[in-house]
2 protein chains.
Amino acid sequence: MLRFVDLVSGKWAIPILYRLIVSGGPIRFSELQRAVAPITQKELTRHLRAFERKGLVERTVHAEVPVRVEYRVTGLGLTLEQPLAALADWADAHSARLGGGH
Amino acid sequence: MLRFVDLVSGKWAIPILYRLIVSGGPIRFSELQRAVAPITQKELTRHLRAFERKGLVERTVHAEVPVRVEYRVTGLGLTLEQPLAALADWADAHSARLGGGH
DNA sequence: CAGTATCCACAGGGATACTG
DNA sequence: CAGTATCCCTGTGGATACTG
């Protein structure tokens, strides 16, 4: 198996991506930050930039005041839906038991 | 989605786990290290200890000379097979395209 | 063989302040 | 609002040497 971690890495990468995928449509920066709380602005920005570079996420800036920036997954990003959903289901089912292991 | 990364974290976590899962039976430390090369002893040990604490992996020491230590996934660890396989498939299919984005 | 013990480098990540 | 810019700390991870 190749290093999946090299493709989607970082503490918040999976939560962000999964949130973007399940949200369906475009989602604003602030809305995304609330959804993936307690992530910091810096980290959210960093991850989103990385996703953009990899073609997983698209960024749209609306020239309004105040500025509105929206993010949405690309077709490529959507192909992660099944794998991430499987992971999410697993985490939901076993997180209680695994949490004690620190 | 909960923090999957908190449950299975680290550069080598997924490669190690996936290797243990697909190998089916017990696998020795050195064998595992070769399979997940170029991981260092230290990192392999660290991850294996973490998996043990979480009940994902079992460790068996055979009192021989030289010592033989074998690892195998538990039933709980095996439940990760489908999610990780999905991830592996995805990585195989898209790693070429995503590699350029660094 | 299968570790443990050190030392060390660096990226990830948090907190805070500032800006177009 | 959606960032950028700093400062700083911690964990991750590599290299190397040593041991039951």
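Chain letters run A, B, ... following the sequence lines, proteins first, then strands; residues in each count from 1.
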Check this for me, if you would: do B/Arg68 and B/Glu70 make a salt bridge, where the nitrogen-to-carboxylate-oxygen distance has to be below 4.0 angstrom? yes
B/Glu31 and B/Arg34 ion-paired at < 4.0 Å: no
How long is the span from the CZ atom in A/Arg28 to the OG atom in A/Ser23, to the nearest 0.5 Å?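 It is 14.0 Å, given to the nearest 0.5 Å.
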First locate atom CZ of B/Arg46, then atom OG1 of B/Thr40, and finally report the distance between them rounded to the nearest 0.5 Å. 8.5 Å
Option among B/Leu48, B/Leu78, B/Leu80 that satisfies the side-chain contact (heavy atoms from CB on, under 4.5 Å) test with B/Leu20: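 Only one option passes, and that is B/Leu48.
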Report the base-pairing partner of D/dG3 (Watson-Crick or G-U wobble, both distances below 3.5 angstrom), or none.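 Paired with D/dG3, as far as the under-3.5 Å criterion goes, is C/dC18.
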Pairing partner of C/dA9 (Watson-Crick or G-U wobble, both distances under 3.5 Å):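 Looking at the geometry, C/dA9 pairs with D/dT12.
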Taking A/Gln82 for the side chain and B/Ala86 for the main chain, is one N or O donor matched with an acceptor at less than 3.5 Å? no
From the 5' end of DNA chain C to its 3' end, which nucleotides mark the outer limits of contact with chain B, defined by a 4.0 Å heavy-atom distance cut-off (strictly under)? C/dC1 to C/dC7
On DNA chain C, compare the nucleotides closest to A/Gln41 and B/Arg59; which residue's is nearer the 5' end? B/Arg59
Taking for each residue the nucleotide of DNA chain C with the nearest heavy atom, is it A/Val67 or A/Arg46 whose nucleotide lies nearer the 5' end? A/Arg46
Looking at every strand, decide which applies to B/His47 at a 4.0 Å heavy-atom threshold: base, sugar-phosphate, or nothing.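 Contact class for B/His47: sugar-phosphate only.
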Rounded distance (Å) that lies between atom C1' of D/dC9 and atom NZ of A/Lys11: 13 Å
With DNA chain D as reference, determine whether A/Lys42 or A/Tyr71 sits nearer its 5' end, using the nearest nucleotide of each. A/Tyr71
